[in-house]
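Take a look at the structure set out below.
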Amino acid sequence: MQRPGSALRWAAAAGRWGCRLLVLLLLVPRPGGASEITFELPDNAKQCFYEDIAQGTKCTLEFQVITGGHYDVDCRLEDPDGKVLYKEMKKQYDSFTFTASKNGTYKFCFSNEFSTFTHKTVYFDFQVGEDPPLFPSENRVSALTQMESACVSIHEALKSVIDYQTHFRLREAQGRSRAEDLNTRVAYWSVGEALILLVVSIGQVFLLKSFFSDKRTTTTRVGS
Amino acid sequence: MAGVGAGPLRAMWQQALLLLALCTTGSRGLYFHIGETEKRCFIEEIPDETMVIGNYRTQMWDKQKEVFLPSTPGLGMHVEVKDPDGKVVLSRQYGSEGRFTFTSHTPGDHQICLHSNSTRMALFAGGKLRVHLGIQVGEHTNNYPEIAAKDKLTELQLRARQLLDQVEQIQKEQDYQRYREERFRLTSESTNQRVLWWSIAQTVILILTGIWQMRHLKSFFEAKKLV
C-alpha cells in the first residue's frame, strides 16, 4: 500500500531471478542417486517402494529375481496419477528407462501373489537422475583439462565394470541357488525312492502269499 | 520477462522451490511403508572387509489428519545385522532417524533387519510407518568432499583417490567371486557324487529284493506243495 510501483518492480525482479533459478536447476544435472536393494518377498505378498521424482529426470528401474521357485515376479511402476508406466507378469529380469513427465511420488511394486509357498529374493536398482558430482560446486563453466577428462572417462568405465560385476554376482547366486536346490532334491528323492522300492517289493510278496492261502482261513485273515 | 502478472509469478516461485527441495533431499529418496510390529529384512551380498552405511528416517501416519507427520520424537527402530553364519554383528536401537555402520569380516549374505518396537503406534490406530532408507556399500561410503577437506587434495588428486577406491572394490569383488565359484563347484560335485552313488545303491537294492522275492516265494510254494 506504500508504493505500488516499487513493489511491482521488486516482484518483477524476483520473478526474473526465479525464472533464472528454474532454468539453472533444469540445466544442471540434478544430484540424484541410485538405490540398490535386495529384499525377501514372502509368498502371497506384495511390497511397494516409493520415490519423489522431479519432472524431466531420467530414471531407470532394473530388477532381477535371485532365489525362489521359478525365479519370477510381477512388477508394476505407476506415476503420481496412478497411470501404469510399466507392468510385467512373471518376469525374471528386466530393465526399464523412463523420463518423469510430472513431479510427484512414483510407486513401484513387486508381487509374489501368484505363488503359494515359495518366497523369493528380489534385487532392484532404481537410478534417479545423474550421480552426485564429486565436488559440491561442480557447475563448471571452463572446459576440463585432458587429465581431468581422462579421469572422468576412467571413472565411468569403472562404474560400468562394477555394474557388470553386480549382474554377474546375481546370476551366479541364482545358479548356485538352483544347484543347491538340485542337490537337496536328489538326496531326498533317492532316499524316498529306496524306501518305496523296499516297501513295494515286500508288499508284493505278502500280497501274493495271501492269494495262495487256504480258503478256510480267508475269512479270519485280517490282511497281510 | 518484465511485466509478468502476480499469478504466473507465484507459480514460477513454487516450481523453483519445489525443484530446490527435491534437489536437496539427496540420496535418501526411496521409502516404503511398514506395519506396527512388521520386520523388514534386506540382504547385502558383500566381500569381506567392506564397510556398509545405512541411514533411515521414519515418519508416522497421523490417522486424524491423514498425513505423514514430518518427524516424530520417541519413535524407535531396532536394527539387527546378521553375518552369513547367522551370527549377530549389530543389534541396536536407534531413534526415529538413525545411521548404522558395520564392516563385514566374512564374505557372503549379510541380513539387515529393521523393525519398530515402539508402542506409541498403537495409540494412533493407523499403525503405518513410512521409512526412508538408503544403504551405501563399499566405495560409496566414502564422503569425498570430507576427504578432500581433511587431506587438502586438489580436484585431480581427489579423482585419483576415487578411482583407487573403485579399483579396490573391484578387486575385492573378484576375490569374493573366486570364493563363491569354489562353493558352487563343491555343490555341483557333491550332486554328481550323490547321483552316482545312489544309482548304484538303487540297482543293488533292486537286484537284492528281486533275489529275496524269488527265494521267499519258491520256499512258500514248495511248502504249499504247488511246485
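Quick note on labels: first sequence line is chain A, next is B, and so on, each numbered from 1. Atom set for the values below is all heavy atoms of this structure, side chains included, hydrogens, waters and symmetry mates excluded.
Classified by interplanar angle (parallel below 30°, tilted 30° to 60°, perpendicular above 60°), the ring pair A:F206/B:W212 is tilted.
For residues 163-174 of chain A, the pairs satisfying salt bridge (Lys or Arg N to Asp or Glu O under 4.0 Å) are A:R169-B:E45, A:R169-B:E173, A:E172-A:R176, A:E172-B:R180, with sequence neighbours left out.
At a 4.5 Å heavy-atom cutoff, the contact between A:I202 and chain B is made by backbone and side-chain atoms alike. Contact annotation for A:C151: both backbone and side-chain heavy atoms come within less than 4.5 Å of a heavy atom of chain B. Proximity to chain B is absent for every atom of A:K107, based on heavy atoms less than 4.5 angstrom apart.
Contact count against chain A (heavy-atom pairs under 4.5 Å) is highest for B:L206 among B:V167, B:L206, B:V137. Of the listed residues (A:Y50, A:Y123, A:F39), the one with the most heavy-atom contacts under 4.5 Å to chain B is A:Y50.
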If you apply the rule side-chain contact (heavy atoms from CB on, under 4.5 Å), what do you find for A:F108 with B:L30, and how did you get there? CA-CA 11 Å; A:F108 56 99; B:L30 193 75; 3.9 Å; yes

For A:N183 and B:T187, run side chain to side chain donor-acceptor pair (under 3.5 Å): C-alpha distance rounded to whole Å, both residues' side-chain angles, the deciding distance at 0.1 Å, then the answer. CA-CA 7 Å; A:N183 200 11; B:T187 308; 5.5 Å; no

Output, in order, the C-alpha distance, side-chain angles, deciding distance and verdict of side chain to side chain donor-acceptor pair (under 3.5 Å) for A:Q165 and B:Q174. CA-CA 8 Å; A:Q165 272 191 326; B:Q174 297 283 56; 3.3 Å; yes

Checking B:R40 against A:E40 for the salt bridge (charged side-chain N to carboxylate O under 4.0 Å, His left out) test, could you report, in this order, the C-alpha distance in whole Å, the side-chain angles of both residues, the deciding distance, and whether it holds? CA-CA 8 Å; B:R40 278 287 175 92; A:E40 201 172 283; over 6 Å; no

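Close approach to chain A, defined as a heavy atom under 4.5 Å from one of its heavy atoms, is seen in B:W198, B:Q202 of residues 196-204 of chain B, taken by number.
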